[in-house]
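Below, chain A is the first sequence line, B the second, and so on; all start at residue 1. Every value quoted in this text rests on a predicted model; they were computed, and no experiment measured them. Any value given below was found using the heavy atoms of this structure, including those in side chains, with hydrogens, waters and symmetry copies removed.
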Amino acid sequence: MTDTPILVAVAWPYANAEIHVGNLTGAYLPADIFARYHRLRGRKVLMVSGSDAHGTPITLRADAEGTTPYAAYQRFHNSFLDLFQQLGLSYDLFTSTHTDNHFDISKKIFNALKNNGYLYTEKSKQWYATSQGRFLPDRYVEGTCYICGDNFARSDQCDKCGSLLEADKLINPRSKVDGSTPELRETEHYYLDLGKLQPQVVGFLKGKQEHLRPNVLRQSLGQMEAEALHGRAITRDLDWGIPVPLEGWEGKCLYVWFEAVIGYLSASVEYANLNKLPADWQNWWYEPQAKSYYFIGKDNIPFHAVIWPAQLIGCGVEFSRLMGDPPHTLTLPFDVPANEFMNLEAQKISGSRNWAVWGLDFLSRYDPDPLRYYLTVNMPETKDTDWNWDDFYHRNNDELVATWGNLVNRVLAFTYKHWEGVLPDPGLLRPTDKELLAAVEKGFETVAGQMEAVHLRAALGESMRLSGEVNKYLDTSAPWFEIKTDKAAAAKSVYTAILAIDNLKTMLAPFIPFSCERLHTFLGYDAPLFGSQSVESVKDSLGEHTVLRYDPAGASGEWKVSTLQPGRVLRQPGPLFKKLEPEIVEQERARLGKKD
RNA sequence: UGCGGGGUAGAGCAGUGGCAGCUCGUCGGGCUCAUAACCCGGAGGUCCCAAGUUCGAAUCUUGGCCCCGCUACCA
């Protein structure tokens, strides 16, 4: 199955806020680990995402800052690229929804659905702010609840008494943006006919009950069994976004939930074009054997397990026709490994209260691999987890440094010192040596099994357990004792341990790539395990957008048993990780909840 | 009010019918190559409570208590 194309589709961050550890562990990091693993397996991997640039929140933020939506989105977009590069999130392409290409593909999807009869129009009343000359989403309009009299009810529901409200009965409505009085105006929108698509979506999900996670099934199939799908509006009265591609619909845009998910497809197309292989994207979208994995947070499950499949199903072969290609349906999601949420010190992460650990801020004080390690052992794969600074401190010092980092350091330092930096010839290996190597090599199957099932915590746990096995082996063979009486025996021990470490390096590389690359050089390799990341600028009629890319050229990592030979010249080793001081726990906790 | 998740050793978790496990911490021992790291052993649990099903339940059923999240154009 080496040739199975793997699409790693990653949630699109909304360009309205910085990225915190909950976002990272929820979707971006597991996607990267999964993509790196498959690259080591030699599979044709495409990992794509981008900034979600459109929507009312961004226009309002821009207004508040006296800038344009374009500038507001670009600021966050560029900070995302900075973070992803520093953390080694190896997107083959991280782009944006504000591109000619994405506009074009989105319009084609819209037209494909329309041509196939899955769109309809309907009129409704929406709040209109005369002061700003634009429509406002319900959550930006508040007033007095006509049921309980609370003064701060949203126009669609009252948080005080919990009632769902009818917008036109709200007393003294006012805009949350500027306090002005909005009015209800009739407007017309396009709807996606989910009711008509439901049988096909149910069929799609039922075929995947075996491997979809329970949380995903619950919020998709389970939800549909409880309540049938109804049409959803896919356009909005907005000017910042993708214009509805029809005459007479000026001033209306495709709504973000409809448009942003199309980014997985459009980013694939952009990737192919940037590489001057314009048909390359079809490997992941037209080929039946391709597998696509959508890494998202639990808040996104209905969009990816129900609505996006409905959009793809609804396109039929019409999208390929609009692209000028032979008839093809589009590849449906193979898996949607959605994670739950990560809390922070037992409280929900909240950007507005600054109750968060921000990615870039963290990396200004710590290295990326400790973050990747902690976020993986603590990944909310089956339920909510908690970021706890004391726990971070201990996991770093007592697990990452003590078990794995120390193993590498003790073996390499000892070998480098006593054999002049050359891997000694072990001669014939002893039974205990062979047993240790066999145990570690088995990891290429067991760890792979966990990876394929997207059980990343378990995969990392197994790799770390094997590191412990090597430590035990060393304690028994005790090369530091052997070398005093029988240097040949000591050579067998260190050779065995170094081969084991070289194997573990491969298994751990998807999780902690930076330190594994470094270890890779200590072991005398010249070509890196992975390729390189770079940022470049792309110009089109909408302006300019920066993209993050991954270039696999030069990558030499392979998911296979080490073939290090005796006589190999090693490089001067050093500690892979830093021990943390206990003081950081209180220092970091003191930062929480403070605004600077 | 409704829906969902959860209550297992000091902490964090795994475990969905068959002698209660893992990591960290703790106590004792070993080693000294290594970032006082590594290895071995011990202590420590009424598996929230109650009733029930069963030869047998942490694991299934029912009732109760407690904690958390969500309740939908906050993508």
request  = Identify, with sequence neighbours excluded, every residue that meets side chain to side chain donor-acceptor pair (under 3.5 Å) alongside A:Asn378.
outcome  =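 For A:Asn378, the residues satisfying side chain to side chain donor-acceptor pair (under 3.5 Å) (neighbours in sequence not counted) are A:Tyr374.
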Residue list, salt bridge (Lys or Arg N to Asp or Glu O under 4.0 Å) with A:Glu381, at least two apart or on another chain =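 Counting only residues at least two positions away or on another chain, A:Glu381 forms no salt bridge (Lys or Arg N to Asp or Glu O under 4.0 Å).
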inquiry  = If the condition is salt bridge (Lys or Arg N to Asp or Glu O under 4.0 Å), which residues does A:Arg457 pass it with, not counting sequence neighbours?
reply    =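 So A:Arg457 forms no salt bridge (Lys or Arg N to Asp or Glu O under 4.0 Å) with any residue.
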Could you tell me how far [M] sits from [N] if I compare only their [atom1] atoms? Round to whole Å.
| N | M | atom1 | answer |
| --- | --- | --- | --- |
| B:G45 | B:U26 | C1' | 16 Å |
| B:C68 | B:U8 | P | 15 Å |
| B:C19 | B:G28 | P | 33 Å |
| B:C47 | B:A57 | C1' | 10 Å |

request  = May I ask you to say what A:Glu399 touches in the nucleic acid, namely base, sugar-phosphate or nothing, with a heavy-atom cut-off under 4.0 Å?
outcome  =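 Since only primed, P, OP1 and OP2 atoms lie under 4.0 Å of A:Glu399, the category is sugar-phosphate.
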Only pairs under 3.5 Å count here: list side-chain donor-acceptor contacts from residues 409-419 of chain A, not counting sequence neighbours, and write none if there are none.
residue  : atom : partner  : partner atom : Å
A:Arg410 : NH1  : A:Asn471 : OD1          : 2.8
A:Thr415 : OG1  : A:Val411 : O            : 2.8

query = Any ion pair linking A:Arg134 and A:Asp237 (charged N to carboxylate O, less than 4.0 Å)?
reply =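 Salt bridge: no.
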task = Sugar-phosphate atoms are those with a prime plus P, OP1 and OP2; base atoms are the rest. Using that split, label each nucleotide of nucleotides 5-17 of chain B B, S or - for protein heavy atoms under 4.0 Å, 5' to 3'.
result = S-------SS---
Protein-to-nucleotide contact annotation, 5' to 3' order, nucleotides 31-44 of chain B [B base; S sugar-phosphate only; - none; under 4.0 Å, heavy atom] = SSBBB-SBSS----
